[in-house]
Each structure stands twice: as C-alpha cells, then as structure tokens.
A.B. asks: 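Have a look at the structure that comes next, please.
The structure displayed is predicted, hence computed values, not measured ones. The figures that follow rest on heavy atoms only: side chains count, while hydrogens, waters and symmetry mates do not.
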Amino acid sequence: MIKQLLQGMVVGIANIIPGVSGGTMMVAMGLYDRLIHAITHLKSELKESLKLLVPILLGAAIAIVALSRLFEFLLDTYPIPTNFAFCGLIAGSLPFILKKVKGHKVTVSRMIPAIIFFAIVILMAVMGETGGADADVSFGLVNVIKLLLVGIIAAATMVIPGVSGSMMLMLLGYYDTILRSINSFMDALIAFDIQGLLVYTGILFPFGIGVLIGIFLIAKVIEYIFSKAEIHAYYAILGLITASPIAILLKTDWSGISLPQILISIVTFAAGWFVAGKLGD
C-alpha cells in the first residue's frame with residue numbers, strides 16, 4: 001500500500017512537470033500493464049482493480065495538490081538538477097522495457113513505430129513553451145465544454161508513455177490556469193472561502209470529469225493495440241522513452257549552468273535511476 005502510494009506520487013509529480021510523462025513513470029515502475037488492465041477491467045474485476053487503482057490515484061492526487069508549489073519552485077530555482085532527476089527516472093525504466101522485447105528480432109516494421117513516436121516527442125519539445133495568456137475559464141456552458149474536452153485530451157496524453165500531459169496543456173494554453181486553479185482551490189479550502197471554493201470547483205470539476213473520461217477511453221485503445229501488436233507497441237514505447245530525456249533537456253533552462261550544477265545533476269540523475277529501480281518490479 002505504501003509503495004503504491006509512493007508510485008502514485010511519482011506519477012502525479014510527473015504530470016505536473018511539462019516535458020515529463022506520467023505514462024513513462026508508470027512504465028519505469030513496472031505499473032503500466034497492470035494499470036491499463038485494472039482500468040479496462042474495472043467492472044468485471046472490481047475488487048482487484050480498486051486495490052491497485054485507489055492507492056495509485058490517491059498518491060497522484062496528493063502529489064499534485066501538495067507538491068505542485070514545491071516543483072514550481074524547484075523548476076524555477078534549480079531547473080537543471082530537477083530535470084536530470086527525471087531523466088534518471090526515465091532512463092532507469094529502459095531495462096524493464098528491453099526485457100519485454102528481449103528475444104524478439106529487430107525488424108523494419110518494428111522500428112518504424114519506434115522512430116515515429118521518437119519524432120513525435122522531440123517535435124512536441126521543439127514547439128516550445130506555449131502557455132501564453134490565461135485561458136478564459138469564466139463560468140459558462142461553452143467554457144465548461146472546453147474544460148471537459150481539454151481534460152479528455154490531457155488525460156489521454158498523460159497515459160501514453162513518453163508524451164507529457166502537462167506539455168499538452170501548455171500547447172492548448174491551459175497549463176498555467178489549471179495549476180493556478182489547483183493552488184487557489186487549496187488556499188480557499190484552508191481559508192474556508194466558500195465563494196472561492198465554488199469558483200475554482202467550477203473550473204476543476206469539468207476538467208476532472210474530462211480527465212477520467214480520457215483515461216478510460218485511451219486505456220481501451222491501448223489495451224486493443226497491445227492485444228493485436230504487443231511487440232510493435234513496446235517498440236513504440238521504446239521510441240517514446242528514449243526521446244523523453246532529450247525532450248526534457250531541450251525544455252530545460254540552461255542559463256544557470258556551472259560546474260557545481262553539473263555535479264549535482266549527476267547525483268540527481270543517479271538518484272532518479274536508483275528510485276526507478278526500487279519502485280519498479
């Protein structure tokens with residue numbers, strides 16, 4: 001239970017940070033196949049599915065709510081060591097995926113999805129920061145529908161290894177707004193500000209419903225793909241994962257680079273690799 005909570009927190013933290021994939025972190029910790037199965041078989045295997053999903057989702061929610069400010073601070077103040085820690089987590093996942101394709105011959109048809117998805121991740125990183133001005137989230141039917149759709153799109157990308165849901169929120173122009181709404185909701189909750197709670201619930205509730213819908217929709221699609229072309233799917237994941245550290249480093253602010261920063265980054269990278277091994281199966 002404690003291990004699964006911690007795993008959920010890693011996934012939650014990953015989904016806060018643009019360029020880092022929550023799906024990749026699931027793969028790194030050996031959770032991915034089991035989580036997809038639990039989501040798609042929730043109705044038929046309710047007890048077993050909830051035993052896995054509840055602590056993972058709870059850990060992710062705790063991390064997003066409690067640590068969003070901390071990671072905003074770390075990324076603003078120590079971007080290089082922080083991003084190298086996540087690169088270490090991702091790199092530490094490669095042995096788990098390589099085991100999945102071990103014994104299967106490398107063919108052109110299997111390399112094609114790896115190359116395509118590698119290129120997709122790099123392209124998303126090159127597109128750069130596009131958070132832009134705050135999105136219009138004033139209460140109204142059109143904005144509620146927009147938030148629902150944004151939640152579906154963000155959740156679908158959060159589940160796919162190598163693709164960053166938070167980066168997708170940036171591309172859609174909703175990242176800053178959603179993150180600030182989470183922090184403002186917690187401030188209103190602590191202050192027992194009813195009006196503030198209602199305002200930010202009006203933003204986060206439709207977004208949250210969209211996230212749930214997106215997770216279940218994409219899980220069904222992924223399960224179908226794995227049932228029809230499992231090895232090809234793992235090669236696609238290899239492409240996504242190998243591109244992710246490059247994408248993160250492309251998004252990193254290198255202005256404060258120095259020898260101490262480099263040495264600290266080596267340590268945080270190693271720590272990330274170590275954690276990936278301990279939290280994995």
Side-chain angles (χ1 to χ4, degrees), residues 1-17 20-71 74 82 85-100 151 154-166 182 186 204 208-209 211-223 226 230 233-234 237 240-241 244 268 270-281:
M1 177 71 173
I2 298 298
K3 179 180 177 180
Q4 290 172 335
L5 275 171
L6 292 172
Q7 289 173 328
M9 290 181 74
V10 171
V11 173
I13 292 166
N15 281 320
I16 296 171
I17 301 174
V20 182
S21 167
T24 300
M25 293 299 105
M26 295 177 204
V27 172
M29 297 178 291
L31 280 173
Y32 195 73
D33 295 350
R34 288 185 291 144
L35 274 175
I36 295 296
H37 182 86
I39 292 167
T40 55
H41 294 78
L42 183 60
K43 187 176 179 180
S44 59
E45 302 174 13
L46 183 63
K47 186 176 178 181
E48 287 302 312
S49 294
L50 289 178
K51 191 185 293 185
L52 177 65
L53 289 174
V54 169
I56 296 296
L57 293 176
L58 182 60
I62 290 170
I64 290 170
V65 170
L67 301 178
S68 57
R69 281 193 178 93
L70 171 62
F71 276 87
L74 289 175
T82 303
F86 276 90
C87 288
L89 277 168
I90 294 166
S93 74
L94 280 173
F96 298 106
I97 300 301
L98 291 172
K99 284 180 184 177
K100 299 287 186 179
T157 54
M158 286 174 190
V159 175
I160 300 172
V163 182
S164 168
S166 49
I182 293 169
M186 292 308 300
L204 296 175
I209 294 297
V211 167
L212 290 176
I213 293 171
I215 287 172
F216 279 91
L217 285 177
I218 197 65
K220 287 287 186 184
V221 172
I222 289 171
E223 184 180 52
F226 270 86
E230 182 180 10
Y234 277 119
I237 290 174
L240 291 165
I241 289 176
S244 291
T268 57
W273 187 296
F274 176 79
V275 169
K278 287 297 180 183
L279 291 180
D281 282 342

A.B. asks: Mind running side-chain contact (heavy atoms from CB on, under 4.5 Å) on Leu53 and Ile39 for me, showing each step along the way?
C.D. replies: CA-CA 8 Å; Leu53 289 174; Ile39 292 167; 3.8 Å; yes
A.B. asks: With sequence neighbours left out, which residue pairs that include part of residues 50-59 fulfil the salt bridge (charged side-chain N to carboxylate O under 4.0 Å, His left out) condition?
C.D. replies: Glu48-Lys51
A.B. asks: Where does the angle between the aromatic ring planes of Phe226 and Tyr32 fall among parallel (under 30°), tilted (30 to 60°) and perpendicular (over 60°)?
C.D. replies: tilted
A.B. asks: I need the minimum non-hydrogen distance between Gln4 and Ile56, along with the two atoms involved.
C.D. replies: O-CD1, 3.2 Å
A.B. asks: Not counting sequence neighbours, which residues clear side-chain contact (heavy atoms from CB on, under 4.5 Å) with Ala60? List them please.
C.D. replies: none
A.B. asks: Taking all non-hydrogen atoms of both residues, which atom of Leu31 and which atom of Gln7 are closest, and how far apart?
C.D. replies: CD2-OE1, 3.5 Å
A.B. asks: Heavy-atom distance under 4.5 Å between the side chains of Leu58 and Leu5, does that happen here?
C.D. replies: yes
A.B. asks: List in chain and number order the residues that pass side-chain contact (heavy atoms from CB on, under 4.5 Å) with Glu45, two or more places apart in sequence or in another chain; answer none if no residue qualifies.
C.D. replies: His37, His41, Ser49
A.B. asks: Taking all non-hydrogen atoms of both residues into account, name the closest pair between Ala91 and Trp273 and its distance.
C.D. replies: CB-CZ3, 3.5 Å
A.B. asks: Checking Leu212 now: which residues fulfil side-chain contact (heavy atoms from CB on, under 4.5 Å) with it, not counting sequence neighbours?
C.D. replies: none
A.B. asks: Where do Leu50 and Pro55 come nearest, in terms of heavy atoms and distance?
C.D. replies: O-CD, 3.9 Å
A.B. asks: Return the OG1 to CD1 distance between Thr40 and Ile218, rounded to the nearest 0.5 Å.
C.D. replies: 12.5 Å
A.B. asks: Taking only residues two or more places apart in sequence or in another chain, which ones pass side-chain contact (heavy atoms from CB on, under 4.5 Å) with Ile64?
C.D. replies: Ile16, Ile182
A.B. asks: Between Val221 and Leu217, is any pair of side-chain heavy atoms under 4.5 Å apart?
C.D. replies: no
A.B. asks: Could I get the full list of salt bridge (Lys or Arg N to Asp or Glu O under 4.0 Å) partners for Lys220, not counting sequence neighbours?
C.D. replies: none
